[in-house]
Amino acid sequence: MTEISKTYNPREVEDKWYSYWMEKKFFHSVPDEREPYTIIIPPPNVTGVLHMGHMLNNTIQDVLIRRARMLGKNACWVPGTDHASIATEAKVVAMLKEKGIKKSDLSRDDFLKYAWEWKEKYGGIILEQLKKLGCSCDWDRTRFTMEDSMSEAVIDVFIDLHKKGYIYRGHRMVNWDPAGMTAVSDEEVIYKEINSKLFHVRYKLVNEDNSPLSFGEGQGSEAWITIATTRPETILGDTAICVHPEDERYKHLKEKRAIVPMVKRSVPIIFDEYVDREFGTGALKITPAHDVNDYALGNKHKLDIIDVINPNGTMSESAKFYVGEDRFIARKKIIKALEESGNLVKIEDIKNKVGYSERTDAVIEPKLSRQWFVNMKDISKPALDAIVNGDVKLIPDKFINTYKHWMENVHDWCISRQLWWGQRIPAWYDEKGNTVVAKTHEEALQLYNIQYPTSNIQHLRQDEDVLDTWFSSWLWPISVFDGFKDPNNADIKYYYPTNDLVTAPEILFFWVARMIIAGYEYRGEKPFSNVYLTGIVRDKQGRKMSKSLGNSPDPIELIEKYGADGVRVGMLLCSPAGNDLPFDESYCEQGRNFSNKIWNAFRLVKMWETDEKLKQSDGNKISIEWFNAKFNAELESINNLYFKYRISEALMATYKLIWDDFCAWYLEMIKPEFVDGKSLPIDKATYDATIHFFEKLLKIIHPFMPFISEELWHLIGERKEKECIMMADWNTIQKYDSKIIRDFEFIQEVISKLREIRKNKNIPKTVRFQVSTKFQENENCTKQYEHHIYKLCEVEKITYNSSEKYSHNFTIGQWGFSITNFSSEKIQDDKENLLKELDYNKGFLLSVQKKLANERFVQNAKPEILEIEKKKQADAEAKIKAIEEQLASLK
RNA sequence: GGGAAAUUAGCUCAGUUGGUUCAGAGCACUACCUCGACAAGGUAGGGGUCACAGGUUCGAGCCCUGUAUUUCCCA
């Protein structure tokens, strides 16, 4: 026999099998008569490298797809990446900077050339990493959200939704970076808590007609209202003062106005519950052009909007004061001016959060700008219904509430981004800002000339902005099958709707909800049936793993260290659906140890030599019957766990079936004895059955551990070219006798107890036990499993129907056992244990009896519950009897 | 500020419509074991007032109310 390594070495097998699977086109799917099972990958960013979240997410997808394939379905897992406009553009800008090129010096086309170059060079890294993990994606179907046909779909959808009236252009507050002269996304704003000053400033009150207002009696008792602000420079853009309608301090100010200091503008006092009465003075100045909340209030109360800050962060013409000066210098000067005019009431120290640009570290300026929006209210209705009525299931369903709440209060979706990398918005403008939406300049001109026949214009300017990346990804389930270009093609008809989507709860709204919306809008059908929401991978301190924190281990290094199978198992062991998982490498270690355990079980079996002439022992026969029953029972439960998407529990059940039932019990039961430095041969029937079991077990672990299962599958038997485990059939459940399982559980208890006694009494294994029982051979199953007891805990003989007195007694259930062949000085221990057990059981009996004596219980409890209680009573009585007998038989 | 969820062993989680004296699993931990598959192992063992306080019920980890803590989403 050739030497097999003592430990499993994943490096030697993983690449080998992955290439083999690829060569044989096992991952590739084409429509046929079988039932399809489809997963579309949540497309990772092209900028991305594999992180722990991807590992978890894609492991789950691979488990699902591999099992579906084994179940005989036509399994298709479509991979791909998205173009991630913000992240990619940032990467490209950074790369150019290193080369000494500024984005602003490049034309749009030149910039895009660099961007595509970058994408070609780095955009495929993450997909290659998925291969290392073992992902069985149909790589022939790899898609990218910015490839031509997908971009075309995006543009067509924009035009279509615009036609249908869902898309409009409106105002919105964006995070403006005055240093970078660009809008940045919410994700790129870093909020820092800083020490600030809260300035209390008084505004003079006047009547509605701006006539002076006085509440006091004497002279000079003009009326004032004091507001508090951290940004006095925006006072110049104030267009209202807001107070709480129930604030007693300000109730008398209905229909009054205030005069903004310096600019002397008269603004209304408005009343809104938005105001926090406790903060500052309870009076809030409203600057709709420079604060998100103020903007919302401004809309609500129809206030004027005065933009007092230029894009570069200096004061604008409309500010009237300090025009052209930086906002922070203006702030200082205004404070001084207010102080001098006596309008600065006081200065308070406070801590507040201020947003900074991730890229330039400049203080973010909320700025009003024109953007494109999707009106979500009507279009999203089917997507709300789909989840509520269960057409699309969320796993776990605790997310339904959150989803519902969001969808019922859905906000319009801002889809324009001030970037170049992405699909350019197909909107065209003339000098006056008249707008048409069309696919090309030519079409735009035609349309324009119809809509504005008098203008007679030759050229229109296209919108500079691109579309939000989500505006591509929400079409993903349809566009990967070319469902826009060719709505009746064979692929989309066969694969759509897809089956399971595996993703993170944090993008439930950004992505999942929108895909459902698009699905109903463009296919009249849901895009997938189940959404499995994974947890967020965190570090030990509970922080989300992220690139910026640098707290994520390198997944590829983990794979090298523990093997892909080990890492996959490690990720899954601790990740029930929807729960966060604080990652720890020790999980991967456990996965690796499991690989090794399976490997060594194989080594053991492979070592045995068979003897054709050897007759199968009863012990072996019964072992096989038992494991067969146990296997099928567990298979049933594993199938059920898969059905409920309890993947980590299915894995744990598999783990225990292999480690405990197969390795620790079954193999030990049938293991041939070792005599004179040599293993005795094993009978052929037992050997064959064992190999058969092993193959079935390998099938169960294949979805979790594709590599080791494939390797052993080929080492354990002769296979033809395409006979791979990944293409094998999933096991079917065979009839089994569950009594065998129950009987053997009893035997396991007996064996454990005997081992425990041996250990506690320090009896060496060379001393074999003589065991006696009071019961007859046919009273329970002990006799049938005698051989196992002999073998697994060094028992020499069991005598039934014995009435001797012995020193070591114990009971399992209602059956008493005694060890007879040695005397111990520690009888006291046994006595104590038996007394303890007796005590416990008597207490238990008492509680049951009490319950049964309780009239209200007997009246109210269901009949089956009553039956159970009566059985408990009988069992407890039998147990007590057995223990008492054992006590009596002690020497 | 509004909404949602969670809290069970040192850690990560199970615990089905309330019904065995009532708490399970894996890892970690402790003790013993180099016994020819595996020390990445074997055997056995010790860990929990089910966040807290009330309530409903014959009976509560499970249902209700409140409190505390944590997390997430939205603003």
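We name chains A, B, ... by the order of the sequence lines, and we start the count at 1 in each one.
Atom name C1', nucleotides B/rG45 and B/rU57: the rounded distance is 39 Å, in whole Å. Across the C1' atoms, B/rA51 and B/rA6 are found 11 Å apart, a figure rounded to whole Å. Nucleotides B/rU49 and B/rC22, compared at atom C1', are 13 Å apart to the nearest Å. When the C1' atom is compared between B/rU7 and B/rA14, the two are found 15 Å apart, to the nearest whole Å. With both ends at atom P, the span from B/rG36 to B/rG42 equals 15 Å, rounded to whole Å. For the C1' atoms, the distance linking B/rG54 with B/rU21 amounts to 26 Å, nearest Å. Spacing between B/rG15 and B/rA68 at atom C1', rounded to whole Å, works out to 25 Å. Here, B/rA40 and B/rA25 have their P atoms 25 Å apart, quoted to the whole Å.
Checked against a 6.0 Å centroid threshold, the rings of A/Phe627 and A/Phe693 count as neighbours.
Taking atom CD1 of residue A/Ile400 and atom C1' of nucleotide B/rC72, one finds them 17 Å apart after rounding to whole Å. When rounded to the nearest whole Å, the span between NZ of A/Lys872 and P of B/rG19 equals 10 Å. Between the CH2 atom of A/Trp406 and the C1' atom of B/rC74 there is a distance of 10 Å, given to the nearest Å. Per the geometry, CG belonging to A/Leu852 stands 12 Å off C1' belonging to B/rG19, to the nearest Å. One atom, CZ of A/Phe509, and another, P of B/rC72, lie 14 Å apart when rounded to the nearest Å. In this structure, CG of A/Leu573 is placed 12 Å from P of B/rA28, rounded to the nearest angstrom. Going from atom CZ of A/Arg856 over to atom P of B/rG59 covers 7 Å, rounded to whole Å. At whole-Å resolution of the value, CE in A/Met652 and C1' in B/rC11 are 13 Å apart.
Residues passing the side-chain contact (heavy atoms from CB on, under 4.5 Å) test with A/Glu745 are A/Ile741, A/Gln748, sequence neighbours excluded. With sequence neighbours left out, A/Glu506 forms a salt bridge (Lys or Arg N to Asp or Glu O under 4.0 Å) with A/Lys544. With sequence neighbours excluded, no residue forms a salt bridge (Lys or Arg N to Asp or Glu O under 4.0 Å) with A/Glu560. Remark: A/Lys644 pairs with A/Asn640, A/Arg646 by the side-chain contact (heavy atoms from CB on, under 4.5 Å) rule, at least two apart or across chains. Legend: residues meeting salt bridge (Lys or Arg N to Asp or Glu O under 4.0 Å) with A/Lys753, ordered by chain and number and at least two apart, are A/Glu756. Remark: A/Lys367 pairs with A/Asp307 by the salt bridge (Lys or Arg N to Asp or Glu O under 4.0 Å) rule, at least two apart or across chains. By the side-chain hydrogen bond (donor to acceptor under 3.5 Å, both in side chains) test, A/Asp660 pairs with no residue at all, sequence neighbours left out. Every side-chain contact (heavy atoms from CB on, under 4.5 Å) that A/Val410 has, sequence neighbours left out, goes to A/Met376, A/Ser380, A/Trp406.
The side chain of A/Gln590 approaches B/rG26 more closely than any other nucleotide in the set B/rC73, B/rA14, B/rG26. Residue A/Phe857 places its side chain closer to B/rG19 than to any other of B/rU20, B/rC73, B/rG19. Checked against B/rC27, B/rA25, B/rC74, the side chain of A/Tyr655 finds its nearest nucleotide in B/rC27.
Identified under the salt bridge (Lys or Arg N to Asp or Glu O under 4.0 Å) test for residues 399-412 of chain A, with sequence neighbours left out: none.
If you find the closest nucleotide of RNA chain B to A/Val292 and to A/Glu869, the one lying nearer the 5' end belongs to A/Glu869. Residues A/His411 and A/Lys842 each lie close to RNA chain B; by heavy-atom proximity, the contact nearer the 5' end of the strand is made by A/Lys842.
The aromatic rings of A/Tyr642 and A/Phe704 sit parallel to each other, their planes meeting at less than 30°, with 60° as the upper class boundary. Note on ring orientation: taking the six-membered ring where Trp is involved, the planes of A/Tyr655 and A/Phe594 are tilted (angle from 30° to 60°).
In RNA chain B, runs of at least 3 stacked Watson-Crick or G-U pairs (N1-N3 plus N6-O4 or O6-N4, or N1-O2 plus O6-N3, all under 3.5 Å) give these stems: B:1-7 with B:68-74, B:10-13 with B:24-27, B:29-33 with B:41-45, B:51-55 with B:63-67.
A sub-4.0 Å separation between OP1 or OP2 of B/rC35 and a side-chain N or O of A/Arg758 is absent. Close to B/rA28, at under 4.0 Å from its OP1 or OP2, lies no side-chain N or O of A/Tyr587. A/Ser847 has a side-chain polar atom (N or O) that falls below the 4.0 Å cut-off from OP1 or OP2 of B/rU21.
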Under a 4.0 Å heavy-atom criterion, the protein footprint on nucleotides 1-6 of chain B, written with B, S and -, is --SSS-
Quick tally for nucleotides 36-44 of chain B: nucleotides whose base has a protein heavy atom under 4.0 Å get B, sugar-phosphate-only ones S, the rest -, giving BBBSBSSBB
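Annotated as syn: B/rG47, whose O4'-C1'-N torsion sits within 90° of 0.
Residues A/Glu557 and A/Lys561 are not paired through a salt bridge, judged by the lack of any N-O separation under 4.0 Å between the basic side chain and the carboxylate. Between A/Lys871 and A/Asp875 there is a salt bridge, since at least one side-chain N of the basic residue sits less than 4.0 Å from a carboxylate O of the acidic one.
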